[in-house]
2 protein chains.
Amino acid sequence: MIDDENLESTEAEARAVESRAEAFIGVREARRSEVAEDYVELIAELIHENGEARPVDISARMGVTAPTVAKTLGRLARDGLITRAKYRSVFLTEEGRALAKECRHRHEIVLRFLLSLGLDPETAERDAEGIEHHVSERTLALFAAFAQRS
Amino acid sequence: MIDDENLESTEAEARAVESRAEAFIGVREARRSEVAEDYVELIAELIHENGEARPVDISARMGVTAPTVAKTLGRLARDGLITRAKYRSVFLTEEGRALAKECRHRHEIVLRFLLSLGLDPETAERDAEGIEHHVSERTLALFAAFAQRS
DNA sequence: GATGATTATTAGCCTATGCTAACTTTTTGC
DNA sequence: GCAAAAAGTTAGCATAGGCTAATAATCATC
Ligand SMILES: [Mn+2]
Ligand SMILES: [Mn+2]
Ligand SMILES: [Mn+2]
Ligand SMILES: [Mn+2]
């Protein structure tokens, strides 16, 4: 530590680099559950509305093909979020229901927040669908408080 | 259209399904550029601060290994966002600089918005890093206005 | 209950994004 | 200017999440 004018030699710099990396690592972590979250949320909704969640309905709403849905459902089943039988509708496990509820809650808050900011419903829905997966508990609380207040 | 009590038979229902799918399709579209956006933004910053962007510095800040950086840089070069020579630092193309500027702008606005909501800097930085890729022009404008006002 | 339409699955392909291990090149410090 | 350290590359592997084409099962209707 002779020359402190060096690029990248301070402790402070090292800590800044570290915390930056942690942010990116956190975002990548969140990314890994995005698809699962959207699926369980949608499946819960379909079950609530129709009594069952059929792949064809998931496919239409997610805007992906049937084989893509099948493969994704395979991962959800492997991860213990749904149960399914061949050629049958899918259902949520206890864990899947819990995740769905949490996702619906977050989605609702983000959506209401965007609407309360004055965004049009179409855009709000679209943005909420992406933003919801990247909102921390703290931010969510602030969003909820803001929407409440206004 | 004899029995309108059918599940999923109304025009309105069809339109709702369609627009839901469009939201998801849009989110997937945005997802495809997330990594490229983060890289060019970081590269621009490193060039600004150090005069060059070295893979090792990108690696440390992104929290990924060197080979991952190398592969990603290959895609960025292929897509015309950067130029590079073997064993040398990378530089942005005109297009890369334009994208970086746009990303930095969005990042700044989202970050300032979160801070102005009362979020702590650490969490704000973390959330901004994820949210920035899923904010429409309209929402960005509302965020900017809000941060300004408060 | 046969049959045509709808729905679901499987196989096989692709790209992006991560990793480790092994190797090469460049930089640094005597 | 040489040796060791640091940085960069390459090869090879894995998983997620898309797709199309082909096949199979279920459902609806007569
Ligand atoms: Mn979503
Ligand atoms: Mn959602
Ligand atoms: Mn980001
Ligand atoms: Mn950013």
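Letters A, B, ... mirror the listed sequences (proteins, then strands); counts begin at 1. Keep in mind the model is a prediction, meaning the values are calculated, not measured.
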Mind checking [X] for me? I need base, sugar-phosphate or nothing, with any heavy atom below 4.0 Å counting as a touch.
| X | result |
| --- | --- |
| B/R54 | sugar-phosphate |
| A/R78 | sugar-phosphate |
| A/V69 | nothing |
| A/K86 | sugar-phosphate |
| A/R75 | base |

Is there a donor in the side chain of A/H107 and an acceptor in the side chain of A/E125, or the other way round, less than 3.5 Å apart?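 A/H107 vs A/E125: donor-acceptor pair found between side chains.
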Nearest to the side chain of A/P55, which nucleotide is it out of C/dG18, D/dA7, C/dT9?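 Looking only at side-chain atoms, A/P55 lies closest to C/dT9.
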Closest to side chain of A/T65, choosing from C/dT26, D/dT20, C/dG18: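 The answer is D/dT20, which lies nearest to the side chain.
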Atom pair distance, as rounded to whole Å: [atom1] in [X] and [atom2] in [N]:
| X | N | atom1 | atom2 | result |
| --- | --- | --- | --- | --- |
| A/E52 | D/dT26 | CD | C1' | 12 Å |
| A/D57 | C/dA8 | CG | C1' | 13 Å |
| A/L76 | D/dG17 | CG | P | 9 Å |
| B/M62 | C/dG18 | CE | P | 7 Å |
| A/E34 | C/dT17 | CD | P | 13 Å |
| A/E29 | D/dT15 | CD | P | 17 Å |
| B/R28 | C/dA16 | CZ | C1' | 15 Å |
| B/I25 | D/dG18 | CD1 | C1' | 12 Å |

Examine C/dT17: is either OP1 or OP2 under 4.0 Å from a nitrogen or oxygen in the side chain of B/T68? Give yes or no.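 No, no such contact exists.
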Residue closer to the 5' end of DNA chain C, B/R32 versus A/L73 (nearest nucleotide):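 Nearer the 5' end of the strand: A/L73.
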DNA chain C: A/R31 or A/A70, which has the more 5' nearest nucleotide?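 Result: A/A70.
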Strictly distance-based, threshold 3.5 Å: is any side-chain N or O of B/R104 a donor or acceptor partner for the main-chain N or O of B/E41?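 Checking the backbone N and O of B/E41 against the side chain of B/R104, no donor-acceptor pair under 3.5 Å is found.
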Counting only N and O atoms by type, is there a donor-acceptor contact under 3.5 Å from the side chain of B/S89 to the main-chain atoms of B/E52?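 Not a single qualifying donor-acceptor pair exists.
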Passing option when B/L99 is tested against B/D79, B/L81, B/L92, B/T93 for side chain to side chain contact (heavy atoms under 4.5 Å, CB included):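 Exactly one candidate clears the test, B/L81.
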Could you check whether A/F146 and B/F146 have their ring centres less than 6.0 Å apart?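 B/F146 vs A/F146: aromatic centres under 6.0 Å.
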When you match B/K71 and B/Y87 each to their closest nucleotide on DNA chain D, which lands nearer the 5' end?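 With B/K71 and B/Y87 compared, the 5'-side residue is B/Y87.
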For A/P67 and B/R84, find the nucleotide of DNA chain D closest to each by heavy atoms; which residue's nucleotide sits nearer the 5' end?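 Mapping each residue to its closest nucleotide by heavy atoms, the 5'-most match is B/R84.
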